Trainee: 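Just dropping this structure here.
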There are 2 protein chains.
Amino acid sequence: MLYFVIACGVLSVLYAIWATQSVLAADQGNARMQEIAGAIREGAQAYLTRQYTTVAIVGVVVFLLAWWLLTGVAAIGFLIGAVLSAAAGFIGMHVSVRANVRTAQAASNSLAAGLDIAFKSGAITGLLVAGLALLGVSVYFWVLTAMLGHGPTDRTVIDALVALGFGASLISIFARLGGGIFTKGADVGGDLVGKVEAGIPEDDPRNPATIADNVGDNVGDCAGMAADLFETYVVTVVATMVLASIFFTGATALTLMLFPLVIGAACVITSIIGTFFVKLGSNNSIMGALYKGFWATAVLSVVALAAIVWGWLGAATSFTASNGTSFTGSTLFWCGVVGLAVTGLIIWITEYYTGVGYRPVRSISQASVTGHGTNVIQGLAVSLEATALPAVVIIAGIIVSFNLAGLFGIAIAVTTMLALAGMVVALDAFGPVTDNAGGIAEMADLPPEVRKTTDALDAVGNTTKAVTKGYAIGSAGLGALVLFAAYTEDLKFFAANAAPGSFFEGVSVDFALSNPYVVVGLLFGGLLPFLFGGLSMTAVGRAGGAIVQEVRRQFREKPGIMEGKEKPDYGRAVDLLTRAAIKEMIVPSLLPVLSPLVVFGVINAIAGKSQAFSALGAMLLGVIVTGLFVAISMTAGGGAWDNAKKSFEDGFVDADGVRHEKGSEAHKASVTGDTVGDPYKDTAGPAVNPMIKITNIMALLLLAVLAH
Amino acid sequence: MLYFVIACGVLSVLYAIWATQSVLAADQGNARMQEIAGAIREGAQAYLTRQYTTVAIVGVVVFLLAWWLLTGVAAIGFLIGAVLSAAAGFIGMHVSVRANVRTAQAASNSLAAGLDIAFKSGAITGLLVAGLALLGVSVYFWVLTAMLGHGPTDRTVIDALVALGFGASLISIFARLGGGIFTKGADVGGDLVGKVEAGIPEDDPRNPATIADNVGDNVGDCAGMAADLFETYVVTVVATMVLASIFFTGATALTLMLFPLVIGAACVITSIIGTFFVKLGSNNSIMGALYKGFWATAVLSVVALAAIVWGWLGAATSFTASNGTSFTGSTLFWCGVVGLAVTGLIIWITEYYTGVGYRPVRSISQASVTGHGTNVIQGLAVSLEATALPAVVIIAGIIVSFNLAGLFGIAIAVTTMLALAGMVVALDAFGPVTDNAGGIAEMADLPPEVRKTTDALDAVGNTTKAVTKGYAIGSAGLGALVLFAAYTEDLKFFAANAAPGSFFEGVSVDFALSNPYVVVGLLFGGLLPFLFGGLSMTAVGRAGGAIVQEVRRQFREKPGIMEGKEKPDYGRAVDLLTRAAIKEMIVPSLLPVLSPLVVFGVINAIAGKSQAFSALGAMLLGVIVTGLFVAISMTAGGGAWDNAKKSFEDGFVDADGVRHEKGSEAHKASVTGDTVGDPYKDTAGPAVNPMIKITNIMALLLLAVLAH
């Protein structure tokens, strides 16, 4: 079966190559468009190169530490995770900076043609994320077991897989945050000085920040998001495999370790098939076209899951975990269905909270009529409220899958949820391409109908982007127990097998809520998403402020810019943001990396190692308990603000029947909300997801290091 | 000693009577001022009467339920808590609506005279809160034990005290939320239509919402806050007494049950002494004058605590709890010092995050220069960041006091923290009085110097208001473990003493984090503050929007208003808000009351009663883990926004050396932030505190009812 998994991974790469060629074959438009696209491409490549060079320094240090503190194979695992995560982001960016101009050109022919190129570009990123993640884990697992001859449940194998997950996490937090600061610094700064002060539309070529804004879409929303989902996928699959290795022995362990990989492999196939269902229907509904692809994938995945269980695992085969839980193959099938149901429900709820036409977004539009302040208040209200239903869905998912097959059932539910990543990322990554296409259309002075077409695509992108973020953080919520279980079971294993005199001798952990150190851990974990959010919002504010100053300076020093006689210096804005984003991403990114070490160190010094392990474990759950809500509220709230603003572009009719057009006071108020929502939804909120994972995986690594 | 406690309670009431007479003796100013103050007074009384009438309906239902499901003494306990909580709020409002006009008049003589009346009015509310809370608990405890002859650790006594706490909590959530919606609906609506649309200053008599705004200060910031702190005080003291009754037996139990009451009693005396230290020094620093009072109280309280421990409890006396923890009197002294230190540190941190002149507020002012959007982004960043240090202080407080004397040590730390409530509330309640005084000065056309004086007082009020909220929620964080311990120990007691066939037979609870129902409880508890915050922000937005419509209507229908020829209809705005606030407060208030029942019911149906008790317990901690951060971020962020706005009133010099005055674009941007901060800091944020308490106390009551 491992070969089947590897084959599916290769298949996804082949699909990506085929789709890339198909995208690249499309018409690139006129010279002006190509010039603009060239500037965006250069900026994006320059930024990513610099970002990954910086991250590589951290990476090399960690690689050496991993080799020294753990093993060579763990260090290599770390390297594989890090390199593949970076590759997923890099290739995604590579395609999207080429698809943008082609989408703009295609959109001048028809909506369907524009959607086709944009979605295909998204699908490349999506399938590479899923495919590379699958390949990374399965090939390395094959190398470790088949080539190097380790038993599948050996500590060496487990540690190497965890290190692989850590590599992916470390890259993704930097990519998410750095990209997020870049994109939103450009967006916030550019909008403020362009739309609000100078009164020129978005993406106006006179705005010196406009190329930087388009660069940001590629490095933040595309590369950053790809790295994030890659990490989520890898960490979840690895955690499920770790759990299987702990709960089971012998051939059963191997089967159940392969099970999540097989699910992922099958869903790569269903995702590829699903991409062909994305076709504009006669009603011209873009969301409808995307949904067709998603639902086709989801339904086919249920069938595939059934085929795996009935055809390979055995529906009636009974499994009994070492903790006494027992279940059959068919219960695992139902756990998978729970994962798919959770995904579907989260998508549905997110669309409700962020989609134009439903109560939440309408309430923000309505509140804009009474001013900036009420717009922001209502947006915050929606963002807070939007956390409740997803949390209830996750709670229900935990209860149902746990009752079906215990902790391993929850793990399978999350794995299946993430197996759809290829399709979900495809839906998301098409957003920045259309956003860019709109920018190019505007800057290249294409006819307004083109911009209208790309805007229609972009509006849907706002919702799909919110959906992906909700999906990623939802999986983290459901996966929290899996990661925590991996931690506790690891700890039990080390404590039980501790050699006399070794670190784990005499460790006895009390995870009960009545233990004050558990509460201390929960509170400390709980503060991380808040502090992290605060730091990253400040970073965006600072980067945005710097852009405002720079743009004002250019307007002042080159008065010809506003008259269209002089060309703004786009490169300076890109360069300024590159330096700002890379500088600003370091401290917040290190927060979740170092916090587990600090908590463990401090509590160990005060109350000894048993309590230190208790507090550390509780911290892992604390970071989920607040992180889930912080992340959902930020991503949903930001999406709702953005679409409330969009509702004015078509003219919003308020409760009194008055129509508010673009340029009205109400529209201006909605722009303020959108500006606030930008760092909320694209910087701070999504970065909470890798933050949660990295905290968890650091804890697992710490155990491995202490045991070594 | 109980008589000493009762005597101190009576002393605080006597102080309040004396101070009231002294305030009422002051000059009421001219006829115009008295007319305005009369309108405010009428509005406030009308609102509170209607609010408490509505709450009384809920109260009567609960009273009957308590009598039916529990005992008569529990029902009477509930009644005492409810009535005293309402009384604290009502009397506080009664004094402050009379002190406002007198402060305005005194401020026209000197800053010192204005401060004196305003602070004295605050001190009345403060000492009544502490005194009535102390009297309620101690007199009823005396009635139950000395008159009715129950043993101090009897379940009847414990249940009656818990019911007393529940009464206080139920009133306080309605008062906090109803008052908060009223005051911020008026503030947000009035500011938007007045300052932003019509371009008239705050408190301009031409604004029809201006009286409502001033009424709001009294019913929200004064009465609502008083009810909240009353509740916090009562619940903490009761929880500490419950813990003492569980951990100890016989005479030791009685002594340690009296101990928190004695601390509270002594601190009433030190708070009264402290009020006489509030005197304006030669540097005219208002904050300095208030701090003198606070630090005098704090230092004297340490001395008093030492006197209690060395003189009554016995510093060397050794106590051993039933769970094995043992400690001496002197360790309890140090726990009390920890509580005082936590209070001091939280005040210091809150001042840093909300005070003019420090980095956070300056960063918001600076961000206002680049527009509305960056102002809100930076404000949100500060609000998120502001949670970290208070959480660390609380964590440190938990660790130190637990290591000194176990869970009971934590309880004593919180009790001592809250023993300063008299002084802290005094610092807070002076804020709305000065706010009102400024409004009266403006409306009565007093010379601008008077307004300048009241503004100076008001700016300090913004910080002290944030301090009180930080203090209240901080005590909830520290007290979380105490309430949770009360729950778990109660549960253990009922399970151990379960008669065959009774509900608690065979209940065995697993609070370990590896139990999925514990995670479910944590997540469900975690969502409550978010949903609650969302609902209450929406309520304010809706009430504010209604005011905007009403004011616009008046401007439209009576064009003479803006020219100063026609009198606006102030009463309609007050009336409209009264109805809106009372309608809007019901649903969010019932959320924390009903949630424990729903969680218990649902999990009981799915997984049986043991897991239901586990999930319910975890929910109590979940609501703290997110509630702590949500509340601190909202209250600190709101205070910072408010003071960033104030910084423009004196002229803010930005990083480039440019000066931004009142009326500049930067100032307008800062007004948006202030508007957003209003419901954050005065409605949603502070209401989280009673929300947390009521969830906890509902759980305790549920146990009592199930056992009955």
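Every chain is numbered from 1, with letters handed out A, B, ... down the list of sequences. Values below: every heavy atom of this structure, side chains too, minus hydrogens, waters and symmetry copies. Please read these numbers as outputs of a predicted model, since none were measured by experiment.
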Trainee: Tell me, for A/Val518 versus chain B, whether the close heavy atoms (under 4.5 Å) come from the side chain, the backbone, both or neither.
Mentor: side chain
Trainee: Please classify the contact of A/Glu665 with chain B as side chain, backbone, both or neither, using a heavy-atom distance under 4.5 Å.
Mentor: neither
Trainee: Could you tell me which portion of B/Tyr680 (side chain, backbone, both or neither) has an atom closer than 4.5 angstrom to a non-hydrogen atom of chain A?
Mentor: side chain
Trainee: Answer with side chain, backbone, both or neither: which region of A/Leu620 has an atom nearer than 4.5 Å to a non-hydrogen atom of chain B?
Mentor: neither
Trainee: Could you tell me which portion of B/Val519 (side chain, backbone, both or neither) has an atom closer than 4.5 angstrom to a non-hydrogen atom of chain A?
Mentor: side chain
Trainee: Please identify, among B/Asn515, B/Asp678, B/Leu380, the residue contributing the most non-hydrogen atom pairs under 4.5 Å to chain A.
Mentor: B/Leu380
Trainee: Of the backbone (N, CA, C, O) and the side chain (C-beta and beyond), which part of B/Val625 lies under 4.5 Å from a heavy atom of chain A, both, or neither?
Mentor: both
Trainee: What heavy-atom pair brings B/Leu527 and A/Ala391 nearest, and what distance separates the two atoms?
Mentor: CD2-CB, 3.8 Å
Trainee: Where do B/Leu522 and A/Leu522 land on the side-chain contact (heavy atoms from CB on, under 4.5 Å) test, with the steps shown first?
Mentor: CA-CA 10 Å; B/Leu522 283 173; A/Leu522 283 172; 4.3 Å; yes
Trainee: With a 4.5 angstrom heavy-atom cut-off, could you sort out which part of A/Ala669 is near chain B: side chain, backbone, both or neither?
Mentor: neither
Trainee: Heavy-atom cut-off 4.5 Å, strictly under: side chain, backbone, both or neither for A/Pro516 against chain B?
Mentor: both
Trainee: Within this structure, what is the OG-CE distance for the pair B/Ser383 and A/Met537, rounded to the nearest 0.5 Å?
Mentor: 7.5 Å
Trainee: Considering only heavy atoms, which portion of A/Asp674 lies under 4.5 Å from any heavy atom of chain B: side chain, backbone, both, or neither?
Mentor: neither
Trainee: Heavy-atom pairs under 4.5 Å with chain B are the metric here; pick the option from A/Leu481, A/Ile606, A/Asn403 that has the most.
Mentor: A/Leu481
Trainee: Any idea which of B/Ala684, B/Gly617, B/Ala512 has the most non-hydrogen atom pairs under 4.5 angstrom with chain A?
Mentor: B/Ala512
Trainee: Between A/Thr488, A/Asp191, A/Ile410, A/Leu621, which shows the greatest number of heavy-atom pairs under 4.5 Å with chain B?
Mentor: A/Leu621
Trainee: Please state whether the side chain, the backbone, both or neither of A/Val188 comes within less than 4.5 Å of a heavy atom of chain B.
Mentor: side chain
Trainee: Under a 4.5 Å heavy-atom cut-off, does chain A meet the side chain of B/Arg552, its backbone, both or neither?
Mentor: side chain
Trainee: Please determine, among A/Ser363, A/Ala539, A/Pro529, A/Gly534, the option with the most heavy-atom pairs under 4.5 Å with chain B.
Mentor: A/Gly534
Trainee: Between B/Leu528 and chain A, with a heavy-atom cut-off of 4.5 Å, which part of the residue counts as in contact: side chain, backbone, both or neither?
Mentor: neither
Trainee: Could you tell me which of A/Gly677, A/Ala367, A/Gly371, A/Ser514 has the largest number of non-hydrogen atom pairs under 4.5 Å with chain B?
Mentor: A/Ser514
Trainee: Where does A/Leu628 contact chain B at under 4.5 Å (heavy atoms): side chain, backbone, both or neither?
Mentor: side chain
Trainee: Over 60° means perpendicular and under 30° means parallel, so tell me whether A/Phe530 and B/Phe530 are parallel, tilted or perpendicular.
Mentor: tilted
Trainee: Take A/Ile399 and B/Tyr517, measure what side-chain contact (heavy atoms from CB on, under 4.5 Å) needs, and give me the verdict at the end.
Mentor: CA-CA 8 Å; A/Ile399 293 178; B/Tyr517 289 101; 4.0 Å; yes
Trainee: So A/His372 and B/His372, would you call those rings parallel, tilted or perpendicular, with 30° and 60° as cut-offs?
Mentor: parallel
Trainee: Are side-chain heavy atoms of B/Leu384 and A/Met634 found at a separation under 4.5 Å?
Mentor: yes
Trainee: With a 4.5 angstrom heavy-atom cut-off, is it the side chain or the backbone of B/Ala618 that approaches chain A, or both, or neither?
Mentor: both
Trainee: Side chain from CB out, backbone as N, CA, C, O: work out which of these in B/Asp656 comes under 4.5 Å of a heavy atom of chain A, or both, or neither.
Mentor: side chain
Trainee: For A/Val520, is it the side chain, the backbone, both or neither that has a heavy atom under 4.5 Å from a heavy atom of chain B?
Mentor: both
Trainee: Side chain, backbone, both or neither: which part of A/Tyr487 has a non-hydrogen atom closer than 4.5 Å to chain B?
Mentor: neither
Trainee: Which answer fits B/Phe524, side chain, backbone, both or neither, if we ask what part of it has an atom under 4.5 Å from a heavy atom of chain A?
Mentor: both
Trainee: For B/Ile377, which atoms come within 4.5 Å of any heavy atom of chain A: side chain, backbone, both, or neither?
Mentor: both
Trainee: Look up atom OG1 in B/Thr538 and atom CD in A/Glu385, then write down how far apart they are to the nearest 0.5 Å.
Mentor: 5.5 Å
Trainee: Atom OG1 in B/Thr675, atom CG in A/Asn375: separation rounded to 0.5 Å?
Mentor: 12.0 Å
Trainee: So for A/Ile395, is it side chain, backbone, both, or neither that comes closer than 4.5 Å to the heavy atoms of chain B?
Mentor: both
Trainee: In terms of heavy-atom proximity below 4.5 Å to chain A, should B/Thr387 be classed as side chain, backbone, both, or neither?
Mentor: side chain
Trainee: Count the heavy-atom pairs under 4.5 Å between each of A/Ile624, A/Val548, A/Leu523 and chain B, then report the option with the highest count.
Mentor: A/Leu523
Trainee: Heavy atoms only, distances under 4.5 angstrom: which of A/Gly189, A/Pro679, A/Gly526, A/Gly541 has the most pairs with chain B? Name it, please.
Mentor: A/Gly526
Trainee: Using non-hydrogen atoms only, which part of A/Leu531 is less than 4.5 Å away from chain B: side chain, backbone, both, or neither?
Mentor: both
Trainee: Is it the side chain or the backbone of A/Phe629 that comes within 4.5 Å of chain B heavy atoms, both, or neither?
Mentor: both
